[in-house]
Amino acid sequence: MEESESTSDNQRPWQSYHTVYTNAKAGMDGVDKEKVQRVVYEMSKGSKYFENEERKEAFIRQKIEHMRARAAKLSAADLSHYQKVVDKRVLELEASRELSRIWLHVDMDAFYAAVETLSDPSLKDKPMAVGSMSMISTANYEARKFGVRAAMPGFIARKLCLELIFVPTDFKKYTHYSDLTRKVFQNYDPNFMAASLDEAYLDITEVCKERGITGGEIAEELRSRVHEETGLTCSAGVAPNRLLAKVCSDINKPNGQFVLPNDRIAVMTFISSLPIRKIGGIGKVTENILRGVFGINTCEEMLQKGSFLCALFSPSTADFFLSVGLGLGGTDKPEARFRKSISSERTFSATQDATLLHQKLADIAEMLSADMQKEGLLGRTLTLKLKTASFEITNVEVGTAKCYKEEVLWVPQEDSSVQREPEDRNLDSNKEASTSRNEEFISSNQMELLYWVDDYKCSLCGAELPSSFVEERQEHSDFHLAERLQKEESVSEIYAVDLTNYEIYCQDVSEGSCCEPKAICYPRIPSVPVSQLSVSPLQSSSNGIPPKAHLNSLQKGTKPYKETTSKEMKEAISTIPSMSDIFASSRAQNLDLQLQTVGPFFRITAKSLESNRELGRAEGLIRVWFGGKILHLDSIRLKRDTLSMERSIFGIGLFIGAVAIRYGYDCGCRTAELLAINDSDLYHSKLVRFYQRIGFKTVYEVTGSTIGDMAHMLMWGGIGTRMDASIEELLVKWCRRFKSQD
DNA sequence: GCGGATCAC
DNA sequence: TATGGTGATCCGC
């Protein structure tokens, strides 16, 4: 069997390319499947998409082999044990069989295409597809004769049918007609379950009883009423449960119906020869596995191979398979279903342009944000999805309660036209420069190692500090840290501002990392053409209340923030340094601090009152996130002049930080976030320690070693340590520092 | 809880 | 030239 397949592969290679398009589908009878297969193969061959499909198929084959081996290892004793499990489970499932309800599944015929034909009757009888050259949503029956079908890219469809007419999708129109159909459904089951714009499940038990007519008669009537209301045809299936009703509605498509009586024998007969692929939930992969490993083709065989299924699949999956074999599924009252996620994704041509990618992310984030606002929803988990040019997909998920790395989701506060100042992006330059700089930097690290000679003298400058001066030693160490950072800055003008680093990341990811998740060895990751953002799961919120209030009132067991604050904390908050405290205190140190804001962005500069020269600055922005506002710190940098000063580096950093934090507090932020960039291990650890001393806590290490980190790096502009701090806690912690100076 | 995979429309 | 967008679920760590 295998051999004959592989020899035929050599002569007719298209036979080995398994697309979903050749799968039996209504209106596809009489199609020259061989030709379709060949055309699809010829059009796909050599493309990135094709290569990815081959990878996926190889993976599935491997999975099948693995499972075969496991099945072969099962002993007679194992099998008899699992057979007992099956017998017991089948009895239980059988006992749960529900034959008293009548379900109806309605499925509009070629819905989008039919609606388009209503608005343009000239399309009637012509092969037509709704969609674009890249993707087809629906094809009318004329087009299906050529093998054109949903989910097929348009350019392949055109090859199959040269006269094919393309009509762009128009969801407004489809929604309108969908609403019309639903008004009809309403009359038969006010609680009908809409499965999509063009499909619904109705529990018609009551209507049948009340009117004393059969399910088939209801189906006829409903279909003709739908036609009267919309001019569209639909097909229906009537059966004792939803799973079967769905299968039935497909049997006499289009414009037909099929009734499966509420009778156990009828159901079992129906199911016995039914190909498993007809069952909702069994797709291409599952079908291949079940056939490849166990030789299962029909639902009946699910029961025959029950012991194997129980042995090799999880209980829930095995349960599903067994109920399919029994023709069970979906009879429960439709419970209130609520949305569990909301997402936005876009496909674009491959690029490595970091600015462009960032813009895409921002756009998508905006769309998502808008959708969520429209729906009045809040998220708890954020997922970033990336699809590379080779169609590999990777997700990064993050709980927003723990971590706020979604810089891309900042929502401009009032003026959305505010742009980042151009200064921030003046380094669209060469990664070579950056890389070599790093190498040089690393190689020179050793001479920069600080230790205390004889536990007394600084190895770098000879300063003398006994070990008992813990704080002073730390500050001295920070001094050298800043010195080092400063030197680097002098090599390349701007170091600390992010965004410009994207190029490095893209480069590192694309050429540096070889990723081997699971058994497949992927080649290098190329550019990143697709990105998706989604948020899940959701907690809905009633209208009009600001997000902050929502989060508090919705999180179970979590009292509003203020209430959880301890008494001591409350007292401390009342004494936290005000902005004027901080400014006064800084002037006492001959420091001139300034805070500038442009829209959501801010910059804090520290100048020497004596020399009027800049000593350091911090930049960042206030971004709105679902749980409230967040103070996002891009950088805290200290200037060269700072190094020659007597006063502690830590002190100046603290002053600048304090203004930023106080500003964030005044803006209503509860959290501050930053990335301690890791360009070299030595200074990174010091940087982290510096921020730790200020009061930040590590939330995540972005190492760049996993595919997933790619997303982090895109968002944060580098590898390093993501750190967060509670703004109130910081201010409380610092209060003595500033109050006492007053 | 996270990330990958599958499925449906 | 070119293979989508949205939402759900399950499995394995």
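Because only heavy atoms are used, hydrogens play no part in the values below, and waters and symmetry mates are left out as well, while side chains stay in.
- Distances shown here put every side-chain N or O of A:Arg55 at or beyond 4.0 Å from the OP1 or OP2 atom of B:dA5.
- Cation-pi geometry between A:Arg182 and A:Phe185 is not satisfied (NZ or CZ under 6.0 Å from the ring centre, within 45° of the ring normal).
- C:dG4 and B:dC7 are spaced 15 Å apart, taking the C1' atom of each and rounding to whole Å.
- Residues A:Thr394 and A:Lys387 form no side-chain contact, since every pair of their non-hydrogen atoms from C-beta on lies 4.5 Å or further apart.
- Ring pair A:Tyr174/A:Tyr112 is parallel by interplanar angle, where below 30° counts as parallel and above 60° as perpendicular.
- With hydrogens and angles left out, the side-chain atoms of A:Tyr49 and A:Glu54 include no donor and acceptor closer than 3.5 Å.
- Contact between the side-chain N/O atoms of A:Lys48 and the OP1/OP2 oxygens of C:dT3 is not found at any separation under 4.0 Å.
- Heavy-atom distances to DNA chain C give each of A:Thr317 and A:Ser44 a nearest nucleotide, and the one nearer the 5′ end belongs to A:Ser44.
- Relative to the six-membered ring of A:Phe391, A:Lys48 misses at least one condition, a distance below 6.0 Å or an angle of at most 45° to the axis.
- For the pair A:Arg339 and C:dG7, the criterion of a side-chain N or O lying under 4.0 Å from OP1 or OP2 is met.
- For A:Met135, whose side chain is taken as the heavy atoms from C-beta onward, the closest listed nucleotide among C:dG5, C:dG7, C:dT3 is C:dT3.
- If you check every strand for non-hydrogen atoms under 4.0 Å, A:Ile289 touches nothing.
- Note that A:Lys340 lies in the cation-pi zone of A:Phe338, set by a 6.0 Å cut-off to the ring centre and a 45° limit from the axis.
- In this model, the phosphate group of C:dG7 is not approached by any side-chain N or O of A:Ser341 to a distance below 4.0 Å at OP1 or OP2.
- At a threshold of 4.0 angstrom between heavy atoms, the contacts of A:Glu53 with the nucleic acid are absent.
- The nearest whole Å value for the distance from the NZ atom in A:Lys63 to the P atom in B:dA5 is 9 Å.
- The closest donor-acceptor contact from the side chain of A:Asn241 to the backbone of A:Gly330 lies at 3.5 Å or more, if one exists at all.
- Applying the 3.5 Å distance criterion, the base of C:dT6 shares no donor-acceptor pair with the side chain of A:Ser344.
- Residue A:Thr286 is in sugar-phosphate contact alone, with no base atom involved, counting any heavy-atom pair closer than 4.0 Å across all strands shown.
- Side-chain contact check for A:Asp353 and A:Thr351: no donor-acceptor pair (N or O, by modelled atom type) lies under 3.5 Å.
- Nearer the 5' end of DNA chain B, as judged by each residue's closest nucleotide, is the contact made by A:Ile393, out of A:Ile393 and A:Lys246.
- If you take NZ of A:Lys385 and C1' of C:dT6, they are 9 Å apart, rounded to a whole angstrom.
- Less than 4.0 Å separates DNA chain B from no heavy atom of any residue of residues 320-327 of chain A.
- Note on A:Ser47: every side-chain N or O is 4.0 Å or more away from OP1 and OP2 of C:dT3.
- Residues of residues 153-164 of chain A that place a heavy atom closer than 4.0 Å to DNA chain C, in numerical order, are A:Pro153, A:Phe155, A:Ile156.
- Contact annotation: A:Lys56 does not reach the phosphate of B:dT6 (side-chain N/O to OP1 or OP2, under 4.0 Å).
- For the pair A:Lys284 NZ and B:dA8 P, the interatomic distance rounds to 12 Å; values are reported in whole Å.
- Remark: A:Asp32 pairs with no residue by the salt bridge (charged side-chain N to carboxylate O under 4.0 Å, His left out) rule, at least two apart or across chains.
- Counted by atom type alone, A:Ser178 and A:Asp198 present zero donor-acceptor pairs between their side chains at under 3.5 Å.
- Backbone-only engagement by A:Ser316 is indicated by non-hydrogen atom pairs under 4.0 Å involving sugar-phosphate atoms exclusively.
- Going from atom OH of A:Tyr41 over to atom P of C:dT3 covers 18 Å, rounded to whole Å.
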